[in-house]
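Note that the coordinates shown come from a computational prediction; the quantities given were computed from them, not determined experimentally.
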Amino acid sequence: MISKTQYISIIILAISLGVLTAIWQINFWMTAIMIFLSVTLIMYIPYVWYMYFSQNTEKIGSYLNQRTKQPIIQFYCSLADSDERGAEEALHLLKKKYKSPNITAIFTVAYAALENRLSTVRDDILLIKDSSVRQYYEALLQVEEGHYDEAEEMSSTLTKPWMGESVKAELLHMKGLSEQAAVHETKAIELTKGMQRYLLVKKYKLI
């Protein structure tokens with residue numbers, strides 16, 4: 001979905017390029033390529049920024065919630081809001097769109113994590129191709145099943161620091177050490193950007 005600001009920017013850009021190319025006598029195809037590339041940048045820069053680089057959780061949330069007609073964004077927004085029904089509906093759409101079990105596994109496992117039932121999706125965890133994500137959920141599964149020593153050991157080997165902090169927070173919550181868990185929650189958030197940061201902030205009920 002393109003915002004009003006993007007629409008206005010595209011119109012202004014097209015007019016400006018049209019005037020400049022007429023003045024400089026640039027040929028039609030070069031003008032068309034310049035307009036195409038500029039429009040592509042205008043459309044995708046906000047997406048890339050808010051999904052991967054922004055640290056402003058309110059703006060990230062606003063951006064995502066304006067685009068919940070896209071199943072993948074609806075899915076993650078539902079996870080952030082602990083909306084099991086919304087996540088289930090989006091998961092159904094994602095499974096219809098992506099036929100590969102390796103692709104749908106990450107969504108199935110994320111949904112199971114929301115409901116604290118990772119033990120029911122062991123096989124799906126093994127299908128996740130990204131080893132860092134797979135190991136993260138394997139560590140969370142250890143926490144869920146009460147294998148605290150194993151979970152703590154695994155938390156120190158995870159390749160993405162935020163994942164290790166998140167697992168440690170879950171582990172401490174299970175042990176009833178909420179204040180200590182909050183320290184690791186804060187560290188996990190500080191180590192993330194974009195949508196992942198938003199998901200963690202919502203998960204830890206900080207907004």
> Step by step, would you call Tyr111 with Arg117 a side chain to side chain contact (heavy atoms under 4.5 Å, CB included)?
Replying inline: CA-CA 9 Å; Tyr111 178 55; Arg117 54 174 185 81; 3.4 Å; yes
>> Evaluate Val109 against Arg134 for side chain to side chain contact (heavy atoms under 4.5 Å, CB included), listing each step before the verdict.
In response: CA-CA 9 Å; Val109 172; Arg134 183 176 64 252; over 6 Å; no
>> Determine whether Leu79 and Tyr76 satisfy the following criterion, side chain to side chain contact (heavy atoms under 4.5 Å, CB included), listing intermediate values before the conclusion.
In response: CA-CA 5 Å; Leu79 290 185; Tyr76 284 112; 3.9 Å; yes
>> Under the criterion side chain to side chain contact (heavy atoms under 4.5 Å, CB included), I'd like the reasoning laid out for Lys129 against Ile103: C-alpha separation, chi angles, the key distance, then a yes or no.
In response: CA-CA 8 Å; Lys129 285 189 174 182; Ile103 295 176; over 6 Å; no
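Ring pair Tyr47/Tyr44 is perpendicular by interplanar angle, where above 60° counts as perpendicular and below 30° as parallel.
Met163 is listed as a side-chain neighbour of Val133, based on a closest heavy-atom distance under 4.5 Å. In this structure the side chain of Gln74 reaches within 4.5 angstrom of the side chain of Leu93, judged on heavy atoms. Side-chain atoms of Tyr98 and Phe107, non-hydrogen and from C-beta on, do get closer than 4.5 Å to each other. Side-chain atoms of Glu185 and Leu200, non-hydrogen and from C-beta on, never get closer than 4.5 Å to each other. At a threshold of 4.5 Å between non-hydrogen side-chain atoms, the residues Ile106 and Tyr137 count as touching. Residues Leu64 and Met51 form a side-chain contact, since some pair of their non-hydrogen atoms from C-beta on lies under 4.5 Å apart. Proximity of Leu158 to Met154: side-chain heavy atoms (C-beta onward) are nowhere separated by under 4.5 Å. With contacts defined as side-chain heavy-atom distances shorter than 4.5 Å, the pair Thr108/Lys95 qualifies.
For CD of Glu153, the number of neighbouring non-hydrogen atoms (other residues, nucleotides, ligands) closer than 6.0 Å is 12 at most. The 12-atom threshold is not exceeded at NZ of Lys59, counting heavy atoms of other residues, nucleotides or ligands nearer than 6.0 Å.
Nearest heavy atoms, Tyr198 versus Asn65: OH-ND2, 3.7 Å. In this structure, Lys205 and Ser82 approach most closely via the heavy-atom pair NZ-OG, 3.6 Å. When every heavy atom of Ala90 is checked against every heavy atom of Pro71, the shortest pair comes out as CB-O, 3.6 Å. For Ile60 against Gly194, the heavy-atom pair with the smallest separation is CD1-O, 3.4 Å.
Here the CD atom belonging to Glu190 is positioned 9.0 Å from the NZ atom belonging to Lys187, to the nearest 0.5 angstrom. To the nearest 0.5 Å, the span separating OH on Tyr204 from NE2 on His173 amounts to 7.5 Å. With rounding to the nearest 0.5 angstrom, the CD atom of Glu179 is 11.5 Å from the CG atom of Leu172. Here Leu171 contributes atom CG and Glu150 contributes atom CD; the two are 10.5 Å apart, rounded to the nearest 0.5 Å. To the nearest 0.5 Å, atoms OG (Ser119) and CD (Gln142) are separated by 11.5 Å. To the nearest 0.5 Å, atoms OG (Ser78) and CZ (Arg85) are separated by 11.0 Å.
Linking ILVMFWY side-chain heavy atoms closer than 4.5 Å, directly or via other members, places Leu141 and Met174 in a single hydrophobic cluster. Val183 and Leu177 end up in different hydrophobic clusters when Ile, Leu, Val, Met, Phe, Trp and Tyr side chains are linked at under 4.5 Å.
Judged purely by atom type and a 3.5 angstrom limit, Asn102 uses its side chain to pair as donor or acceptor with the backbone of Leu127. Under a 3.5 Å cut-off, the side chain of Arg197 and the backbone N or O of Ile189 do form a donor-acceptor pair. A donor-acceptor distance shorter than 3.5 angstrom exists from the side chain of Glu144 to the backbone of Leu118, with no hydrogens or angles considered.
For the residue pair Ser166/Tyr136, the side-chain donor-acceptor check at 3.5 Å is satisfied. Side-chain atoms of Glu152 and Tyr148 include no donor-acceptor pair closer than 3.5 Å.
Contact check on Lys203 versus Glu170 returns a salt bridge, with a Lys/Arg side-chain nitrogen under 4.0 Å from an Asp/Glu carboxylate oxygen.
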